[in-house]
Amino acid sequence: MDFDLLDILTALFLTVGCFLGISGGVGLYRLPDFFSRQHATGVTDSACSFLILFALILQSGFTLVSVKLCFIFFFLVITSTTATHALAKSALHKGITPILGREDKR
Amino acid sequence: MNWVGHYNYWVAIFLMMSGFYVVITRGNLIKKLIGLNVFSTSVFLLYISMGKINGGTAPIYSEHTLPGQLFSNPVPHVLILTAIVVGVATTAVGLALTVRINERYGTIEEDEIRAKDDSL
Amino acid sequence: MEAAVDIVLLSLLCVTVIVIVYIRKLFCAIMLLGIFSLISASLFITMDAVDVAFTEAAVGTGISSILLLSALSLTHTRERRPAHQPYVALMVVAVTGAVLVYGTMDLPAFGDPDSAIHRHMAVRFIVDSPQEVGPPNVVTSVLASYRGYDTLGETTVIFTAGIALVALLGFNRRKEFKVRLSGAQITSVPEVPLSSAPKVPNADYLVLRIVGKMFIPLIMLFALYVQFHGDYGPGGGFQAGVIFASAIMLYAMIFNVETAMRVVTPTALRLLAVLGLLLYGGVGVLCMLLGGNFLDYNVLAHAPLHGQHLGIFLIELGVGITVFAIMVTMFYALGNRSGRSV
Amino acid sequence: MYAAAALAILVVMALTLVRALVGPTAFDRLLAVNMFGTKTVLLIAVVGFMTDRPDFLDIAIVYALVNFLSTLAVLRFFERQLHEGSAPPEEE
């Protein structure tokens with residue numbers, strides 16, 4: 001099939017977005033303590049959702065669908081960051097302290 | 001008999017049996033309610049997976065659907081739509097009963113309640 | 001390709017359930033139940049059940065985890081180690097499971113078009129509904145018009161559950177709660193008078209309050225969109241009522257339940273619950289007065305299709321109001337039980 | 001193309017699920033649930049495009065809006081535990 005620019009761009013954005021998502025997942029799985037995991041998900045979450053949703057917007061052009069996708073992105077960015085903020089505040093409030101530096105170096 | 005065709009039903013039965021298992025063995029009332037929730041979601045899964053047709057889309061006419069479009073079966077969707085909200089309502093009544101039992105007996109472990117009840 | 005997504009989601013579902021069964025911390029079980037409803041909602045989407053996925057989404061994250069958590073905070077959060085060995089139960093469950101799996105042997109494979117249930121009712125609904133009832137969303141037309149009487153029954157079930165909850169728990173939590181049982185006073189839950197309850201430090205939830213103030217009107221507006229968009233896309237009375245209720249719950253999460261109860265008072269909720277059901281039944285009786293049968297919307301307007309359109313609009317509104325009022329009543333009753341702010 | 005994106009998101013969901021099942025402290029599980037919610041939003045959008053019925057994004061909007069409600073509920077639940085000093089959920 002003929003590869004026009006739009007399809008290439010969508011494929012590119014999708015792969016980068018999914019790569020970021022997977023790196024976030026791996027970060028969530030492997031990092032040692034709560035706050036570093038939260039850092040991993042916080043960073044990749046918004047970036048990955050932006051790239052994937054932007055790739056879908058490219059595909060749907062100027063229709064109601066891309067308006068909905070912009071809404072989703074707007075809500076997603078604000079709610080997930082608020083949730084991460086509230087989570088971190090409550091964790092600190094509860095006394096979970098982040099690991100500062102490596103044990104032998106501290 | 002390809003297992004791919006029946007995988008949905010087997011997963012639904014597995015969920016049903018695990019919900020059933022939780023209700024039988026666990027004494028904690030809230031854990032039983034969670035088991036009932038799992039059980040009812042498995043029934044929803046069974047109904048919906050029966051309604052799906054390969055190549056069919058959701059039963060909504062829109063400019064995306066061509067005239068001869070094959071639609072999935074809308075009838076199980078209607079049944080399950082109301083069943084979910086009714087399920088939440090009954091879970092809430094169950095939780096209210098659990099709260100009252102806890103205030104009355106001070107515990108929500110089944111055998112402790114039975115012990116306290118006979119002693120009165 | 002959808003089959004692959006389907007199978008992976010189903011396997012994730014099984015893994016989640018196994019851990020839900022064996023986890024003893026109830027709080028974590030409720031968190032996993034949240035994930036369980038997330039996976040089942042995306043499963044419903046891959047199986048073309050869009051309205052059902054909508055309801056499961058709105059109910060799963062919004063209502064059921066909050067109600068479970070409110071009840072959990074009033075009871076112990078850890079389950080005791082089961083006393084007796086579960087081998088008998090395991091055997092019983094395995095046998096029933098095996099019989100059921102044997103039963104599914106002659107079920108038609110997943111998704112083949114000529115299985116029995118697709119031939120009779122479904123074809124009639126899909127083919128006739130645009131001419132007879134009108135809205136593009138066949139599920140809404142079946143829910144509201146073909147099965148209007150059943151939906152009236154289901155709304156009454158939700159209404160009764162709300163009454164049961166208020167009867168059990170009630171809203172009054174200020175007075176000392178004493179239980180008189182055969183003379184001996186069993187337990188009296190010491191009510192902490194609200195004034196002395198440690199003021200939840202709302203001040204340091206500044207970010208939450210700002211975002212909440214921004215999002216509560218958005219959620220309510222979206223609920224109204226869902227309510228009136230039910231004919232053309234996924235949505236309808238049930239989903240809209242639940243989403244509206246989660247907007248009020250968000251308000252209660254950020255400020256405490258008392259302020260939320262001053263905003264949406266329990267008496268207003270009782271009135272709304274009754275009003276919704278009355279609207280639904282009233283439309284049915286109105287159809288009878290105009291010469292049609294009960295809940296036969298053709299007579300409501302000059303042309304049958306317009307009558308159907310008006311009828312479905314009104315009863316979806318009635319369902320939405322009742323579901324909203326009952327969900328918020330449940331949240332108030334459970335969340336406010338021990339006098340401490342949720 | 002969408003199928004690959006959908007499967008990638010499913011891999012991320014599996015990893016998040018592992019953290020939710022294993023997660024030592026309750027906050028890890030809560031973080032995993034929150035991330036699982038955002039990934040479900042993306043999965044719904046991609047599957048909608050995969051089956052070329054993209055007009056079902058309302059469900060993704062609902063999730064995007066309501067997702068942080070359960071996180072707030074849990075935080076309030078912890079706060080009540082802290083204030084009452086009743087059995088706080090034991091940290092393992």
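Quick note: numbers below take in every heavy atom, side chains included, and nothing from hydrogens, waters or symmetry partners.
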Which region of [X], side chain (C-beta onward) or backbone (N, CA, C, O), has a non-hydrogen atom less than 4.5 Å from a non-hydrogen atom of chain C, or is it both or neither?
{"X": "B:Ile24", "value": "side chain"}
{"X": "B:Val93", "value": "both"}
{"X": "B:Val22", "value": "side chain"}
{"X": "B:Leu29", "value": "neither"}
{"X": "B:Phe14", "value": "side chain"}
{"X": "B:Leu45", "value": "both"}
{"X": "B:Met50", "value": "both"}

Relative to chain B, which segment of [X] carries a heavy atom at a distance below 4.5 Å: side chain, backbone, both, or neither?
{"X": "C:Leu168", "result": "both"}
{"X": "C:Ser11", "result": "both"}
{"X": "C:Ile326", "result": "neither"}
{"X": "C:Val17", "result": "side chain"}
{"X": "C:Val21", "result": "both"}
{"X": "C:Leu68", "result": "both"}

I'd like to know if the side chain of [X] reaches the main chain of [Y], judged simply by a donor and an acceptor atom lying under 3.5 Å from each other, with no hydrogens or angles considered.
{"X": "C:Asp51", "Y": "C:Gly235", "answer": "yes"}
{"X": "C:Asp48", "Y": "B:Ser72", "answer": "no"}
{"X": "C:Thr46", "Y": "C:Asp6", "answer": "no"}
{"X": "B:His6", "Y": "C:Thr104", "answer": "yes"}

How are the rings of C:Tyr22 and B:Tyr21 set relative to one another: parallel (under 30°), tilted (30 to 60°) or perpendicular (over 60°)? tilted

Mind telling me whether C:Phe125 and C:Tyr146 have parallel, tilted or perpendicular rings, with 30° and 60° as the class edges? tilted

Identify which of C:Val323, C:Val101, C:Ile45, C:Val50 forms the greatest number of heavy-atom pairs closer than 4.5 Å to chain B. C:Val101

Max heavy-atom pair count under 4.5 Å with chain B, selected residue of C:Ser40, C:Pro130, C:Ser64: C:Pro130

Provide the closest heavy-atom pair for C:Pro234 versus C:His229 in the form atom of the first, atom of the second, distance. O-ND1, 4.1 Å

Any chance the rings of C:Phe44 and B:Phe44 have centres within less than 6.0 Å? no

